[in-house]
Amino acid sequence: MSDFNPKIVAFVCNWCSYAGADKAGALKLNYPANVKLIRVMCSGRVDPQFVMDAYREGADGVMILGCHPGDCHYRTGNVKALKRYKLLKKTLSQFGINDKRLKLDWVAAGEAALFQKVVNDMAETVKELGPLHITGYVEQGGK
Amino acid sequence: MTNVEKPKIALFLCGCSTNISNLIDLDAIAEWARKREDIDIIEVHSLLCSPDGKEFFKQEIARNKPENVIIAACSPHQHEVTFQDLAAEAGLNIGHIQMVNIREHCAWVTPDKVKATEKAKSLINAAMMRAELAEDIEKQTMIANTDVLIIGGGIAGIEASLIASKAGRKVFIVERDISLGGEIIKTEEIAPNMACAPCLLAPRLSEVRDDPNITVITNAVVTEVLGFLGNFTVKIHKKARYVDDSCIGCDACFEVCPVTVPSEFNLELSTRNAIYTLFPGAVPAMAVIDKDICKHFIDDSCNACIGACPFGSINFDEKDEEIVAEVGAIVIATGFETGDPSVIEEMGYRKIENVYTIREFERLTCSNGPTGSKIKLKNGEEPTSIAVIHCADSLRENGIPYCSGTCCIRAAKVGELARKQIPDVRVINIHNDLVFTGPAANDFYRKQLDGGTEFVKTDHTSIKIYERNDKIAIEGAGILLEVDMVVLSTGVKPAKGTEALAEMLNIDIGKNGFFQSDHELLHATCASVDCIYIAGSAAGPCDVAESVTRAQATVGDAISKLVPGREIELEMMTTVIDEDKCGGCKLCITVCPFKAIEYDAEENISKVIEAICRGCGTCAATCPSGAAKAKYFTDKQIFAEIGGLLNV
Ligand code: FES
């Protein structure tokens, strides 16, 4: 299992976390190549279906990264994201997916080191969990 | 090239000098891409953002007319707009352009070149999957109203109105008091330069009065605000004055009015009648009748003012008025409120005679004040000693928790004002922290020290004030002294009604209760809703200079955004709701942070007001029927991106 490189999809909001990842890049703060980012305008844009779809398409872990509470470019989009996240966490176990495979965090535009840390931590966590084997239930979108 | 008439995708790979090309094998990517059916044009360029590169990019698009363009290069935060503009010039709709960040998110964070190249492929693949679902995005513009509503007629509101009017905008000032001037009109000298407040204000007040562009609506409150940037409809409730505008504010009627109550303007240190003005020379000049206490309205037993008025200005039949103003921008200049030290029991305020707030003390020094500018004790004598208590209600859990930053200099003014009248008066300022920011304020502090004010440090929360030997005793950690008069320096709180107004305008309030700016550093005077501005101390405690500066900033932004005859550009990447799919569940309305969605009861659907929508896409993530579509970030596009990213 030691050479298992988990695939991680991170949905990042355009204003803080995407910029935080840019800064991590500018500072050459490495993280595993299997961590891949998808830009959304706000963490509030992340539909739970995107998360489920990422697992279905082969992600072993999914992250949602947004602005710190109070800093959302759209006032409260991240608050909505947090609410959805809590619900989604509960739902995941019902699908037989360890809820550690989903992580929401706040990363500001200047927090390059934090960005590196949260993605590395997530990669570590998911590595320990091993590859995700989804059941037919998830494959069919929970129908 | 495949045999389609129009090339599907043009892929530009930028080496970013060697920033990318050294770390990612771009030739390998080009080769990989060439094998794909869906990609027709592949160009590797060493620096696409250089003048040469840009020209090349534009020419390629103009010549080949691809349906979609993918630029694998730096972060879109660096050059998305650059390439969008170039592509648009070459005739491609910006909905069909994607940047893939193979520099910051790939080359620079992946030391292994092979892995970086593989990652770049998957990022490009995701964009290619997405490209098939790209949709046009149209520029949206709107005609805007360019007039300005100002809520609050203090120094900030007045300044804002004059500037907006000079720029040719129509201005409405709504003031809840009966005349303009706000808080500053209650003082006469402003530290550090002891500038004369009435001299600053009087000419501005006359200018406002005489300006045909400015409509002053006093004794009035805003009751409803509808609409959005460039298109606000504001309802204003104007209370009847029962005195018409033929009144010049002479005092003929005051003398005959049999009713007296404490004067709000003089902080209850003197009285006024049921018919009154705040002070002689107010703008507007006309008096007002306080309906709640006037004997005519209570039991019809008095009409004295009618007989006394030389102009026939009294009109008991006047009714309240509802005024509707259509404006493009709103400036909040509602000011602040001074803290109330009676919440701190130990200060003895309102219990011990000759214990005043700083505001009250300043009224005693004003020529239109309760004592005709004489600093006097209640018994009519001059005080021989005055203690000024800093932070009387501030930096305490049970009072104002923060430092207002503006009260120390005002408290230090007491010595300056007192010595002018009573040269040998002893003035002791008792403080914990002392805040004099900037050279001018610091000079003022030194001047007070030289002038004889004693500054004594103690823990402000240890202070107790009580009566002893016909004097007032002040006891605190390490100090005990007796004085004739105490002045309590109070902090600055949000104005009454701040919360209700914020709710009406759908804007945010900060942690300390003041209106919250959209960005503290970059948009300090912009509220969280476009074209709503915060001037003066409505945004937080500030001195007169800053208050005026903030007012100027608000109008500067408003008039540069709203120009007569020019349409304003709106957010392009908004969300739209598909009428056929919408089930009218209104979930989107509950999550929208900007109240940008309205419900159409007749059709049972929700509709996005695109001028307000900022495109966060939260509604799209919530919509159970897939009716809400976030432009450029549609569900389908994101699903395609996920698939493309994970399955190369
Ligand atoms: S914009 Fe970053 S979370 Fe909303």
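Keep in mind that this is a model prediction, so the values were computed, not measured. Within every chain, numbering begins at 1; the chains are lettered A, B, ... in the order of the sequence lines, protein sequences first and strands thereafter. These values consider heavy atoms only, across backbone and side chains, with no hydrogens, waters or symmetry-generated copies.
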- Message: Looking at F633(B), I'd like to know if the NZ or CZ of R39(A) sits under 6.0 Å from its six-membered ring centre while staying within 45 degrees of the ring's axis.
- Response: no

- Side chain, backbone, both or neither: which part of K28(A) has an atom under 4.5 Å from a heavy atom of chain B? both

- In terms of heavy-atom proximity below 4.5 Å to chain B, should Y18(A) be classed as side chain, backbone, both, or neither? both

- Once the angle between the rings of W15(A) and Y74(A) is folded into 0 to 90°, is it parallel (under 30°), tilted (30 to 60°) or perpendicular (over 60°)? perpendicular

Pick from [options]: which one has the most heavy-atom pairs with chain A under 4.5 Å?
options                            : answer
A620(B), S122(B), C616(B)          : C616(B)
P76(B), C592(B), A126(B), A630(B)  : P76(B)
C623(B), A116(B), S528(B), A107(B) : S528(B)
T618(B), D635(B), V591(B)          : T618(B)

Flag the one option from [options] with the top tally of heavy-atom pairs under 4.5 Å to chain B.
options                 : answer
V9(A), N14(A), L27(A)   : N14(A)
L29(A), N34(A), L37(A)  : L37(A)
K36(A), K23(A), Q116(A) : K36(A)

- Heavy-atom donor-acceptor pair, R84(A) side chain to G44(A) backbone, under 3.5 Å: yes

- Message: Can a donor-acceptor pair be found, under 3.5 Å and without considering hydrogens, that links the side chain of S21(B) to the backbone of S17(B)?
- Response: yes

- Item | Nearest heavy atoms of T575(B) and G617(B), plus distance in Å | OG1-CA, 4.0 Å

- Item | Pair H77(B)-E104(B), side-chain donor/acceptor within less than 3.5 Å | no

